[in-house]
*Asks:* 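Encoded as structure tokens, here's the structure I'll be asking about.
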There are 2 protein chains.
Amino acid sequence: MSNSNIEDEKIINRLYEIHRRTAPKFESCTGISQTRLELLHELYEVEEISQRALQKKVNIDHAAVTRHLKQLEEKGMVIRRKNPDDQRFTYVSLSEEGRTRIIHYREEKERFISGVLNDFSAEERKVLLDMLTRIQHNIERFE
Amino acid sequence: MSNSNIEDEKIINRLYEIHRRTAPKFESCTGISQTRLELLHELYEVEEISQRALQKKVNIDHAAVTRHLKQLEEKGMVIRRKNPDDQRFTYVSLSEEGRTRIIHYREEKERFISGVLNDFSAEERKVLLDMLTRIQHNIERFE
DNA sequence: GCTCAATCATTGATACGTCAACTAATATAA
DNA sequence: TTATATTAGTTGACGTATCAATGATTGAGC
């Protein structure tokens with residue numbers, strides 16, 4: 001196992017560990033999970049959207065989207081209705097309550113992110129985002 | 001929601017998405033999950049170690065460690081035995097088969113990592129690892 | 001020596017992601 | 001128009017992480 005790759009390995013391991021340790025703290029800080037907030041945020045930006053289109057935006061599995069939205073509906077955060085013109089589609093929108101509460105969530109998220117990146121200069125943030133984007137592309141190209 | 005934070009938000013979202021998309025591909029490429037390979041790798045480096053010490057090294061929850069080791073034991077990859085001098089401790093070691101098979105896993109992991117970082121210069125890798133390490137520290141300091 | 005605290009391991013409940021199988025509705029093409 | 005394919009959504013099975021509760025063993029203080 002060559003020497004240079006030990007460092008590369010650390011990169012991959014760090015990426016994994018960062019995720020594992022971020023997820024619970026994100027939720028305890030903001031009061032909502034990252035994925036759910038992302039869903040709400042997409043809904044915040046539109047009037048109404050089909051589940052399918054929403055799923056494409058957040059890019060997680062259909063099944064997960066269905067379950068999240070079902071629970072968000074139970075909590076009164078979102079509203080779902082079938083498209084009368086094509087009953088296959090379910091349209092989703094933020095409820096009034098959802099639209100109110102997301103503001104608070106987003107503020108907490110901002111604070112959380114500020115903490116995570118607090119010692120990063122603007123330039124560093126740019127470089128980091130660029131690198132992560134490249135990694136993401138590299139991963140897509142597998143198989 | 002201020003403008004600069006949109007970019008910061010992308011960083012956090014990328015980190016999350018990278019993990020989500022890496023995990024399944026890592027496993028399909030190498031034939032084993034990242035966490036399990038990490039466990040095996042720690043075992044590879046020692047003769048025998050207590051579950052507790054192993055857990056501290058890989059830094060995931062006790063419960064997860066127990067379950068992984070139980071399954072790895074069922075597959076004949078590791079051997080577990082109680083410490084006769086202190087029955088609270090369970091010692092774990094790689095079986096012969098485990099010791100053989102990890103070599104292949106590690107090779108595949110190396111290939112995987114090479115793909116993920118293929119367009120990164122040595123300098124970039126260094127910078128990236130440094131940044132990720134800083135992020136990790138920042139996350140630890142929460143709450 | 002006996003009780004209480006500490007430590008390791010296990011198990012249960014929960015959360016969230018994947019894939020695969022299925023249902024329902026619509027589009028296509030013979 | 002009727003059979004077939006496609007598309008959206010749901011559900012089930014599974015993997016793996018977390019936290020909380022429990023069991024078992026050992027250590028410490030009285």
Side-chain angles (χ1 to χ4, degrees), chain A residues 13 16-39 48-75 78 80-92 139 142-143, chain B residues 13 15-39 49-75 78 80-92 139 142-143:
Chain A
N13 289 347
Y16 187 23
E17 186 155 9
I18 285 172
H19 164 260
R20 267 200 2 256
R21 307 193 92 66
T22 301
K25 296 202 175 172
F26 183 96
E27 184 152 357
S28 68
C29 287
T30 64
I32 194 169
S33 76
Q34 203 168 342
T35 299
R36 277 202 193 172
L37 183 48
E38 213 179 322
L39 286 167
E48 199 173 42
I49 189 175
S50 75
Q51 279 196 196
R52 173 72 181 137
L54 182 57
Q55 182 269 324
K56 277 181 187 154
K57 276 176 186 283
V58 300
N59 207 17
I60 63 174
D61 194 86
H62 312 84
V65 172
T66 292
R67 287 172 183 129
H68 278 302
L69 291 176
K70 211 155 90 178
Q71 290 182 263
L72 287 169
E73 190 180 36
E74 282 164 15
K75 293 185 180 178
V78 308
R80 293 196 296 168
R81 67 180 185 93
K82 291 256 179 192
N83 178 355
D85 297 334
D86 186 340
Q87 300 265 5
R88 287 173 303 182
F89 285 80
T90 300
Y91 279 122
V92 194
I139 290 169
F142 265 70
E143 249 99 319
Chain B
N13 290 347
L15 281 169
Y16 187 24
E17 186 156 8
I18 284 172
H19 165 260
R20 266 197 5 254
R21 308 194 91 67
T22 301
K25 296 203 172 170
F26 183 96
E27 183 151 359
S28 67
C29 286
T30 64
I32 193 169
S33 78
Q34 202 169 343
T35 299
R36 276 200 195 173
L37 184 48
E38 212 179 323
L39 286 166
I49 189 173
S50 76
Q51 278 196 198
R52 173 71 181 138
L54 182 56
Q55 183 270 323
K56 277 181 187 154
K57 276 177 185 284
V58 300
N59 207 17
I60 62 174
D61 194 83
H62 312 86
V65 172
T66 292
R67 288 172 182 129
H68 278 302
L69 291 175
K70 210 154 90 178
Q71 290 181 263
L72 288 169
E73 190 180 36
E74 281 165 14
K75 292 185 180 179
V78 308
R80 293 197 295 169
R81 68 181 184 92
K82 291 257 177 191
N83 178 355
D85 297 334
D86 187 340
Q87 299 266 6
R88 285 173 303 182
F89 286 81
T90 300
Y91 279 123
V92 194
I139 291 170
F142 266 70
E143 247 91 321

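Chain naming here is simple, since letters A, B, ... match the order of the sequence lines and numbering starts at 1 in each.
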*Asks:* Please pick, from C:dG17, C:dT26, D:dT16, the nucleotide with the shortest atom-to-atom distance to any side-chain atom of B:Ser33.
*Replies:* D:dT16
*Asks:* Measure the distance from NZ on B:Lys25 to P on C:dT18 and round it to the nearest whole Å.
*Replies:* 12 Å
*Asks:* Would you say B:His68 places a side-chain N or O within less than 4.0 Å of OP1 or OP2 belonging to D:dA17?
*Replies:* yes
*Asks:* Rounding to an integer number of Å, can you tell me how far A:Leu37 CG sits from C:dA15 P?
*Replies:* 18 Å
*Asks:* How close or far is atom P of C:dT18 from atom CD1 of A:Ile139, stated in whole angstroms?
*Replies:* 14 Å
*Asks:* Rounded to whole Å, please give me the gap between CD in A:Glu27 and P in D:dA17.
*Replies:* 17 Å
*Asks:* Can you tell me the distance, in whole Å, between the CZ atom of B:Arg21 and the P atom of C:dC16?
*Replies:* 18 Å
*Asks:* Calculate, to the nearest 0.5 Å, the distance between atoms CG and CG belonging to A:Leu69 and A:Leu54 respectively.
*Replies:* 6.0 Å
*Asks:* Of all heavy-atom pairs between A:Ser50 and A:Tyr91, which one has the smallest distance, and what is that distance?
*Replies:* N-CD2, 3.3 Å
*Asks:* Does any N or O in the side chain of B:Gln55 come within less than 3.5 Å of the main-chain N or O of B:Ile60, such that one atom is a donor and the other an acceptor?
*Replies:*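 Yes.
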*Asks:* Using the test ring pair (Phe, Tyr, Trp, His ring centres under 6.0 Å), find all partners of B:His68 that sit at least two apart in sequence or belong to another chain.
*Replies:*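 Listed in chain order: nothing, the list is empty.
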*Asks:* If only side-chain N and O atoms count, and only distance matters, is there a donor-acceptor pair under 3.5 Å linking A:Thr35 with B:Tyr16?
*Replies:* yes
*Asks:* Which nucleotides of nucleotides 3-12 of chain C have their base under 4.0 Å from a protein heavy atom (B), which only their sugar-phosphate (S), and which neither (-), written as one string 5' to 3'?
*Replies:* ---BBSSBBB
*Asks:* Could you check how far NZ of A:Lys75 sits from C1' of C:dA15, rounded to whole Å?
*Replies:*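 Those two atoms, NZ and C1', are 11 Å apart.
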*Asks:* Is there a side-chain polar atom (N or O) of B:Arg36 under 4.0 Å from OP1 or OP2 of D:dT16?
*Replies:*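 Indeed, a polar side-chain atom of B:Arg36 lies that close.
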*Asks:* Any side-chain to backbone donor/acceptor pair from B:Arg20 onto A:Asn59? Under 3.5 Å, distance only.
*Replies:* yes
*Asks:* On DNA chain C, nearest-nucleotide positions of A:Asp85 versus A:Ile60: which is more 5'?
*Replies:*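 In this pair, the answer is A:Ile60.
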